[in-house]
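Proteins come first, then strands; the chains are lettered A, B, ... in the order of their sequence lines, and each starts at number 1. Everything numeric here is computed off the predicted structure, so don't read it as measured data.
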Amino acid sequence: MRLEALARSALGEALGALGVPIPAEIPVDRPARPEHGDLSSRVAFLLARWVRKSPPELAAELAARLAGRPPFRSVQAEGGFVNFTLEPSALHEVLRAILADGGHYGRGEEGKGKTVQVEFVSSNPTGPLTIGHLRQAALGDVLASLYGELGWTCVREYYLNDEGRQMELLAQSLWARYRQALGHEEPIPEGGYHGDYLAEIGEELARTWGDAYPVWDGRAREAFRAEAVDRMMAMIHEDLEAIGVRFDVWTREGDLHRRGLVAQALERLRAAGAVYEKDGALWLASTRHGLSRDVVLVRSDGTPTYTMVDIAYHLEKHARGFDLVVDVQGADHVDEQRQVALALRLLGIREGFLRYCLHQFVTLKREEGVQRMSTRAGRFLRLKDLVAEVGRDVARYFMVMRKPESHLVFDFALARDTSMENPVYYVQYAHTRIASLFREAARAGELPDDPLRVDLSPLADPRELALVKELDRFPDVVQAAAHEFAPHLLCEYLENLSSLFHPYYAHVRVLGQGAATPARLALLAGVKLVLGRGLALLGVSAPEEM
RNA sequence: GCGCCCGUAGCUCAGAGGAUAGAGCGCUGGCCUGCGGAGCCAGAGGACGCAGGUUCAAAUCCUGCCGGGCGUACCA
């Protein structure tokens with residue numbers, strides 16, 4: 001039961017009794033200031049004109065009609081607002097319901113019988129994953145968890161670009177390293193990959209393969225490309241393992257070609273009249289539909305572009321029957337996204353089938369200053385190494401604690417050495433403290449036999465009621481975080497809940513307080529439950545001891 | 001030039017029509033003879049980039065500027 005619903009239904013009745021038309025959604029907010037009550041509605045501002053009254057007049061009439069109505073202790077008009085203060089017993093019931101839900105609290109039903117695919121990372125296998133990929137890995141993984149929490153069946157997918165020019169360059173770069181290891185002077189190709197990780201593999205191949213590939217020909221290309229992709233994938237798996245991200249499905253670009261899906265997609269676009277020929281290439285007529293430029297789908301040499309394959313891939317996703325597809329991508333993909341979305345629209349695919357979670361880039365701030373990453377130049381911080389330094393929990397949390405569309409500065413020093421004032425630890429510590437308290441309660445024989453039957457009436461302290469009100473928000477936060485692609489809302493919520501708990505704990509004794517003890521333990525069981533659920537959704541551990 | 005994202009406390013960022021704008025870090029000063037001080041309490045610190053407009057009400061919506069990021073490839 002959301003608390004807002006209590007005020008909504010009361011206001012609905014009062015409006016009906018006054019003969020005022022009832023809006024589809026009666027606005028109810030949580031006031032920032034305690035003197036404005038537990039709940040507040042600005043409905044009078046919306047409807048005053050309708051009934052030719054001023055907002056304060058209408059608000060006063062509504063308040064008069066609702067005065068003394070349970071579960072409200074008071075209903076007051078202030079300005080044009082109608083402010084509600086709840087009876088503590090109403091909050092006690094909220095807490096009881098949360099405890100009764102147990103591990104299911106926060107779960108939703110909206111996704112029942114529906115499937116969502118979240119595609120993320122999808123980094124080209126040209127090197128290990130870096131801190132740049134971390135934001136995407138964390139975001140995608142958390143979004144998938146959030147949708148899972150709302151009842152959706154969720155598929156985490158990685159799209160593997162194992163074809164094309166970048167793979168070619170990677171293979172040739174590796175070959176050059178291999179030749180260098182054999183003592184030949186072979187330069188890294190123009191636009192190739194300079195990272196040390198290829199040098200190591202090159203040396204190893206020189207030992208095992210000897211001088212078997214003296215020239216860069218078709219045979220060498222095949223061998224080195226296969227080897228390079230395998231090696232890169234192994235590294236990527238290690239990095240994903242380090243931050244605890246698992247994919248359900250890996251789709252390879254090469255498979256899309258082999259299954260004829262690219263050709264099929266092209267046929268559909270032709271049939272829809274969405275393409276035209278120019279300069280020997282085939283173009284998507286995007287400007288005709290309001291985009292800023294047309295893009296090439298098939299080059300004049302007959303090979304399909306990345307965009308073409310991307311369209312084919314998304315048609316394939318559609319054919320798989322997902323109700324929703326979420327692509328997590330960086331800000332450099334905006335144009336690409338528009339093009340793919342347009343193509344799907346022209347092919348009659350339902351609006352809303354594909355949604356993009358677009359995120360800005362991460363810059364790394366460390367002692368030497370701010371540095372830009374470049375896999376190609378071999379200048380990057382590998383994900384695995386980052387996790388080794390700051391831990392998986394901090395790495396993940398820091399990546400989702402800002403909204404995706406904000407630039408994110410990863411303060412390395414803060415993440416690593418401030419185990420003192422780090423928000424991750426602050427939240428985890430709240431969980432640990434409660435766990436410790438329950439251990440203590442068990443030792444002292446103060447654990448209630450049946451937590452659901454505890455008398456909650458001793459919970460009267462404003463801090464206790466504030467905690468219950470905050471617990472009541474949790475399902476709304478989960479839902480908003482999922483729908484708006486905004487996991488940072490969950491971080492903010494958990495930090496806020498923790499900042500209500502810590503002072504409470506510091507000032508209110510729980511154990512040895514007679515009838516208050518089981519009531520307070522019940523409250524803290526609720527807090528622990530929600531902290532644990534929230535952290536789990538973020539993929540961050542909720543330790544019993546630290 | 002054009003398109004998209006972002007300008008809020010010294011720093012990193014929440015708030016996205018409502019009532020006196022928030023948090024963390026940093027800074028100043030307090031609190032360890034009771035459940036974990038990884039904590040608590042108090043304080044200093046703001047023309048919400050600028051200028052107009054819409055509204056009973058704008059940090060929030062609209063327009064135009066100014067700053068920063070990204071894109072604007074027959075790259076992926």
Which nucleotide wins on minimum distance to the side chain of A:His502, given the candidates B:rC40, B:rG37, B:rC13?
B:rC40
Please state how far atom NE2 in A:His431 lies from atom C1' in B:rA38, giving the value in whole angstrom units.
16 Å
What's the closest nucleotide to the A:Glu336 side chain, out of B:rA76, B:rG36, B:rA16?
B:rA76
Using a cut-off of 4.0 Å on non-hydrogen atoms, how would the nucleic acid contact of A:Pro55 be classed: base, sugar-phosphate, or nothing?
nothing
If the threshold is 4.0 Å, N to carboxylate O, is there a salt bridge linking A:Arg225 and A:Asp162?
no
Using ring centroids (six-membered ring only for Trp), state whether A:His359 and A:Phe485 fall under 6.0 Å.
no
For A:Arg443, which contact category applies under a 4.0 Å heavy-atom criterion: base, sugar-phosphate, or nothing?
nothing
Determine the interatomic distance between C1' on B:rC13 and the same-named atom on B:rC6; round to the nearest Å.
12 Å
Touch check for A:Asp310, heavy atoms < 4.0 angstrom, all strands: base, sugar-phosphate only, or nothing?
nothing
Quick one: does A:Ser300 reach the base of B:rC74 with a side-chain donor-acceptor pair under 3.5 Å?
yes
Report the nucleotide, chosen from B:rG34, B:rC40, B:rA76, that has the shortest atom-to-atom distance to any side-chain atom of A:Gln513.
B:rG34
Atom-pair distance (CG on A:Leu284; C1' on B:rC74), nearest Å:
14 Å
What nucleotide among B:rC4, B:rG36, B:rC74 has an atom nearest to a side-chain atom of A:Tyr505?
B:rG36
Between B:rC35 and A:Arg439, is there an OP1 or OP2 to side-chain N/O distance shorter than 4.0 Å?
no
Which value, in whole Å, describes the distance between the P atoms of nucleotides B:rA51 and B:rC66?
15 Å
Defining pairs by Watson-Crick or G-U wobble geometry with both distances under 3.5 Å, how would you list the stems of RNA chain B with at least three pairs each?
B:1-7 with B:66-72, B:10-13 with B:22-25, B:27-31 with B:39-43, B:49-53 with B:61-65
Given RNA chain B, 5'-ward residue of the pair A:Trp283 and A:Leu358, judged by closest heavy atom
A:Leu358
Closest of B:rC35, B:rU55, B:rG36 to the A:Arg49 side chain is B:rU55
Under 4.0 Å, counting only non-hydrogen atoms across every strand here, what does A:Leu291 touch: a base, just sugar-phosphate, or nothing?
nothing
Verify the distance criterion only: is there a donor paired with an acceptor across the side chains of A:Ser54 and A:Glu57 at less than 3.5 Å?
yes
Quick one: which of B:rC74, B:rC41, B:rC5 gets closest to the side chain of A:Glu405?
B:rC5
Expressed in angstrom and rounded to an integer, what is the separation of A:Tyr356 atom OH from B:rG3 atom C1'?
16 Å
Taking the same atom, P, in B:rA23 and in B:rA38, what whole-Å distance lies between them?
23 Å
Of the nucleotides B:rG39, B:rC35, B:rG15, which has the atom closest to the A:Tyr426 side chain?
B:rG39
How close or far is atom P of B:rG15 from atom CD of A:Glu484, stated in whole angstroms?
9 Å
I'd like to know if A:Asp461 pairs up with A:Arg463 as an ion pair, taking the criterion as any Lys NZ or Arg NE/NH1/NH2 lying under 4.0 Å from an Asp or Glu carboxylate oxygen.
yes
Give the rounded distance in Å between these two atoms: CZ of A:Phe485 and P of B:rC5.
16 Å
Annotated protein contacts, base or backbone, on nucleotides 18-23 of chain B with a non-hydrogen cut-off under 4.0 Å, one of B, S, - each
BBB-S-
Do A:Gln76 and A:Asn83 have side-chain N/O donor and acceptor atoms under 3.5 Å apart?
no
Proximal nucleotide (of B:rG36, B:rC35, B:rC74) relative to the A:Tyr429 side chain
B:rG36
Which nucleotide sits closest to the side chain of A:Ala281: B:rA73, B:rC74, B:rC70?
B:rC74
Is the closest basic N to carboxylate O distance between A:Glu440 and A:Arg443 below 4.0 Å?
yes
A:Leu447 has an atom CG; how far is it from atom P of B:rC35, in whole Å?
18 Å
Among residues at least two apart in sequence or on other chains, which ones pass salt bridge (Lys or Arg N to Asp or Glu O under 4.0 Å) with A:Asp476?
A:Arg2
Looking at every strand, decide which applies to A:His333 at a 4.0 Å heavy-atom threshold: base, sugar-phosphate, or nothing.
base
Heavy atoms under 4.0 Å, any strand shown: does A:Glu545 hit a base, just sugar-phosphate, or nothing?
base
What nucleic acid atoms does A:Thr432 come within less than 4.0 Å of, heavy atoms only: base, sugar-phosphate, or nothing?
base
side-chain N/O A:Arg293 vs B:rA73 OP1/OP2, d < 4.0 Å
no
is_close_aromatic(A:Phe247, A:Phe120), centroid dist under 6.0 Å
yes
Would B:rC70 be called syn or anti, given that syn covers angles within 90° of 0?
anti
Pairing of A:Glu61 and A:Lys53 as salt bridge, 4.0 angstrom limit
yes
Look at all strands and tell whether A:Val427 reaches a base, only sugar-phosphate, or nothing, counting heavy atoms closer than 4.0 Å.
nothing
Please work out if A:Leu297 contacts a base, only the sugar-phosphate, or nothing of the nucleic acid, heavy-atom cut-off 4.0 Å.
nothing
In whole Å, I'd like the distance from the CZ atom of A:Arg433 to the P atom of B:rG34.
14 Å
Per side chain to side chain contact (heavy atoms under 4.5 Å, CB included), A:Tyr159 is matched among A:Leu256, A:Asp327, A:Val121 by A:Leu256
When rounded to the nearest Å, what value does the distance between C1' atoms of B:rC48 and B:rG39 take?
32 Å
Is the NZ or CZ atom of A:Lys317 positioned over A:Tyr313's six-membered ring, under 6.0 angstrom from the centre and within 45° of the axis?
yes
Let me know the distance between CG of A:Asp294 and C1' of B:rA73, rounded to the nearest Å.
14 Å
When you match A:Lys278 and A:Gln360 each to their closest nucleotide on RNA chain B, which lands nearer the 5' end?
A:Gln360
Indicate, with a heavy-atom threshold strictly under 4.0 Å, whether A:His407 touches base, sugar-phosphate, or nothing.
base
Can you check whether any acceptor in the base of B:rG36 is under 3.5 Å from a donor in the side chain of A:Ser436, or vice versa?
yes
Should A:Arg30 and A:Glu470 count as an ion pair when the cut-off is N to O under 4.0 Å?
no
Verify the ring-centre separation between A:Tyr429 and A:Tyr425: is it less than 6.0 angstrom?
no
Stacking check: are the rings of A:Tyr306 and B:rA76 less than 5.5 Å apart at their centres and under 30 degrees in tilt?
yes
Quick check on B:rC6: is either OP1 or OP2 less than 4.0 Å from any side-chain nitrogen or oxygen of A:Lys403?
no
Of the candidates B:rC75, B:rG15, B:rC70, the side chain of A:Ala331 sits closest to B:rC70
